[in-house]
Participant: 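Below you will find the structure I want to go over with you.
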Amino acid sequence: MRELLAMSRPIEPNGVFGGSPGQYGRKQTMLLDNSRFPLVFAREQGDPGASILDQLEALLDRQAPFVLITDHSPEDHGDETPEERREKALFFKKVRDRFRKYCRAMIVIENGKPTNAAVRVAAATAAKAFGFSVLFEADEEQAVAKGMSLLENDAAKPG
């Protein structure tokens, strides 16, 4: 556990968070909060800064295991244009191997709204494609506990 916390350091800007549009556009309004790294929270933000794809790229550049925790439902993408979906698909294809290597799981916080079966099936399909589990927890406290447990189990595995 101490080793996981010792890896905690802020993501370096590398020009990604400096307000420039970046390689992947700026419409997405998600913020990766890495203040509790290796637990990384995808949170909605009001002002679109660096795109979520630029932020994910910076996260993967850390080359360290992490768990992604979000209250952003996998079904909350109805306003994406076909071009945005295509852009994300190309991005995830490009970084798939690094996601498999570093992301231990994505945990969706349900916040009192149980996730329907269709979304769970879609999440399971996406999990297979990306190589990490998509889990669902009732609240942030349970999500954090599950994330830490996954990271501790991972750290205990022989190298």
Participant: Please walk me through it: do Arg43 and Asp71 pass salt bridge (Lys or Arg N to Asp or Glu O under 4.0 Å)?
Facilitator: CA-CA 7 Å; Arg43 305 199 189 272; Asp71 59 4; 5.5 Å; no
Participant: For Arg100, give me all partners under side chain to side chain contact (heavy atoms under 4.5 Å, CB included), at least two apart in sequence or on another chain.
Facilitator: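 Here the qualifying residues are Arg96, Asp97.
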Participant: What side-chain donor-acceptor pairs closer than 3.5 Å can you find for residues 118-125, not counting sequence neighbours?
Facilitator:
residue: Arg120; atom: NE; partner: Thr115; partner atom: O; Å: 3.3
residue: Arg120; atom: NH2; partner: Glu110; partner atom: OE2; Å: 2.9
residue: Thr125; atom: OG1; partner: Val121; partner atom: O; Å: 3.1

Participant: Does the pair Glu57/Arg98 count as a salt bridge with the N-to-O cut at 4.0 Å?
Facilitator: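 Yes.
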Participant: Report yes or no: is the cationic atom of Arg62 (NZ for Lys, CZ for Arg) under 6.0 Å from the centre of the six-membered ring of Phe37, at an angle within 45° of the ring normal?
Facilitator: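 Yes, a cation-pi geometry holds between Arg62 and Phe37.
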Participant: Would you please name every residue forming a ring-ring contact (aromatic ring centres under 6.0 Å, His included) with Phe66, sequence neighbours left out?
Facilitator: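 Residues passing ring-ring contact (aromatic ring centres under 6.0 Å, His included) with Phe66: none at all.
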Participant: Hey, are Glu140 and Arg36 close enough for a salt bridge, meaning a charged N less than 4.0 Å from a carboxylate O?
Facilitator: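 Salt bridge flag = yes for Arg36 with Glu140.
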Participant: Hey, could you give me the OG1/CD1 distance between Thr70 and Ile107, rounded to the nearest 0.5 Å?
Facilitator: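 The distance works out to 11.0 Å.
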Participant: Could you list the residues that satisfy side chain to side chain contact (heavy atoms under 4.5 Å, CB included) with Ser133, not counting sequence neighbours?
Facilitator: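 Ser133: side chain to side chain contact (heavy atoms under 4.5 Å, CB included) contacts with Ala105, Leu135.
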Participant: Minimum heavy-atom separation for Ile109 and Ala143, please, with both atom names.
Facilitator: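 Where Ile109 meets Ala143 most closely, the heavy atoms are CG1-CB, 3.8 Å.
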Participant: Which residues satisfy the side chain to side chain contact (heavy atoms under 4.5 Å, CB included) test with Gln142, sequence neighbours excluded?
Facilitator: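 In terms of side chain to side chain contact (heavy atoms under 4.5 Å, CB included), with neighbours along the sequence ignored, Gln142 is linked to Glu137, Ala138, Asp139.
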Participant: For Asp154, check salt bridge (charged side-chain N to carboxylate O under 4.0 Å, His left out) against everything at least two apart and list the hits.
Facilitator: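 Listed in chain order: Arg104.
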